[in-house]
Amino acid sequence: MEVALYVRVSTTRQQQTQTIEQQLARLREYVVTQPEWHLAEEHIYRDDGYSGSRLNRPGLDRLRDRAALAVFERVLMTAPDRLARNYVHQVLRIDELTQRGCQVEFLERP
């Protein structure tokens, strides 16, 4: 199964407490515990310095475009707030991805 990762930090405080590299390390560690999963480097999407309140972010936009092409079957993130800050926006993005045949999974609050 092809998987994608999405990571995001928006503020200086977040960059100090939960860096993109820390998020990526946690996600990669999880992926290697799933023998049927495959992660290609081009399926890592990141938004550094973009607020979760914005729906349009370069990394997220590329993730959505690639999901529409069905190049991966699952997206893994550390937590729902990486996808969007607002719960309604989280649900909209999750629904959009699942309608395109892509499962969404979070390490925290699965």
Side-chain angles (χ1 to χ4, degrees):
M1 173 185 303
E2 290 293 325
V3 299
L5 306 181
Y6 178 71
V7 293
R8 179 185 66 80
V9 294
S10 61
T11 65
T12 303
R13 185 176 57 86
Q14 280 183 339
Q15 289 171 348
Q16 294 169 352
T17 60
Q18 186 181 22
T19 68
I20 282 186
E21 284 71 27
Q22 289 169 328
Q23 291 176 53
L24 282 172
R26 287 184 61 213
L27 295 168
R28 287 178 190 271
E29 287 172 10
Y30 185 75
V31 168
V32 297
T33 67
Q34 309 298 318
E36 68 279 2
W37 290 8
H38 176 259
L39 173 64
E41 289 299 311
E42 65 266 15
H43 294 158
I44 297 174
Y45 304 89
R46 53 192 297 157
D47 283 313
D48 195 349
Y50 286 87
S51 171
S53 64
R54 292 184 56 190
L55 290 180
N56 295 324
R57 290 173 253 145
L60 181 60
D61 291 344
R62 283 191 306 279
L63 171 83
R64 293 168 57 217
D65 291 345
R66 300 296 289 171
L69 297 173
V71 296
F72 46 80
E73 301 156 279
R74 182 181 303 257
V75 176
L76 184 62
M77 292 169 247
T78 55
D81 66 351
R82 299 301 85 201
L83 186 57
R85 186 173 296 147
N86 179 299
Y87 176 74
V88 172
H89 294 161
Q90 291 172 8
V91 172
L92 288 172
R93 290 297 179 235
I94 291 169
D95 187 52
E96 173 188 17
L97 291 167
T98 56
Q99 285 183 12
R100 293 177 174 175
C102 187
Q103 299 172 345
V104 179
E105 185 173 335
F106 304 103
L107 294 184
E108 301 168 9
R109 294 171 247 129

So do the side chains of [X] and [Y] get within less than 4.5 Å of each other, counting heavy atoms only?
X	Y	result
Thr78	Arg26	yes
Leu39	Ile44	yes
Leu83	Leu60	yes
Val31	Gln34	no
Arg8	Asp48	no

Is it true that Arg46 and Glu21 make a salt bridge, defined as a side-chain N closer than 4.0 Å to a carboxylate O?
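Yes.
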
Between Glu36 and Arg74, does any side-chain N to carboxylate O distance fall below 4.0 Å?
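Between Arg74 and Glu36 there is no salt bridge, as every charged N stays at least 4.0 Å from the carboxylate O atoms.
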
Supply the atom-to-atom distance Glu29 CD to Leu107 CG, rounded to the nearest 0.5 angstrom.
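Here the rounded value is 9.5 Å.
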
Straight-line distance of Tyr87 OH to Asp81 CG, nearest 0.5 Å:
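Rounded to the nearest 0.5 Å, the OH-CG separation comes out at 14.0 Å.
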
Hydrogens and angles aside, do Asn86 and Gln90 bring a side-chain donor and acceptor to less than 3.5 Å of each other?
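No - no donor-acceptor pair under 3.5 Å links their side chains.
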
Looking only at the side chains, is there a donor atom on one of Arg57 and Tyr45 sitting less than 3.5 Å from an acceptor on the other?
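No - no donor-acceptor pair under 3.5 Å links their side chains.
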
Minimum heavy-atom distance between Gly59 and Asp47, given as atom pair plus value
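Closest approach of Gly59 to Asp47: N-OD1, 2.7 Å.
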
If I compare all heavy atoms of Ala67 with all of Phe72, which pair ends up nearest, and what's the gap?
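Closest approach of Ala67 to Phe72: N-CZ, 3.7 Å.
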
In terms of hydrophobic clustering (I, L, V, M, F, W, Y; side-chain heavy atoms under 4.5 Å; direct or indirect links), are Leu27 and Met1 co-clustered?
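Yes; Met1 is reachable from Leu27 via cluster members.
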
Should Tyr6 and Leu69 be regarded as members of a common hydrophobic cluster, given that ILVMFWY residues are connected when their side-chain heavy atoms come within less than 4.5 Å of each other, either directly or indirectly?
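In one cluster: yes.
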
Mark yes or no for whether Arg64, through its side chain, and Arg93, through its backbone, hold a donor-acceptor pair below 3.5 Å.
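It does not hold such a pair.
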
Side chain of Gln99, backbone of Glu96: donor and acceptor closer than 3.5 Å?
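The answer is no, because no donor-acceptor pair under 3.5 Å joins these two groups.
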
With sequence neighbours left out, what residues match Glu41 under side-chain hydrogen bond (donor to acceptor under 3.5 Å, both in side chains)?
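If we apply the side-chain hydrogen bond (donor to acceptor under 3.5 Å, both in side chains) test to Glu41, skipping adjacent residues, the hits are Arg28.
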
Checking side chain to side chain contact (heavy atoms under 4.5 Å, CB included) against His43, which of Leu63, Val71, Leu76, Val75 comes through?
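Result: among Leu63, Val71, Leu76, Val75, Val71 is the only option passing the side chain to side chain contact (heavy atoms under 4.5 Å, CB included) with His43.
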
Please confirm whether Trp37 and Tyr30 have ring centers closer than 6.0 angstrom.
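Here the rings of Tyr30 and Trp37 have centres that are less than 6.0 Å from each other.
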
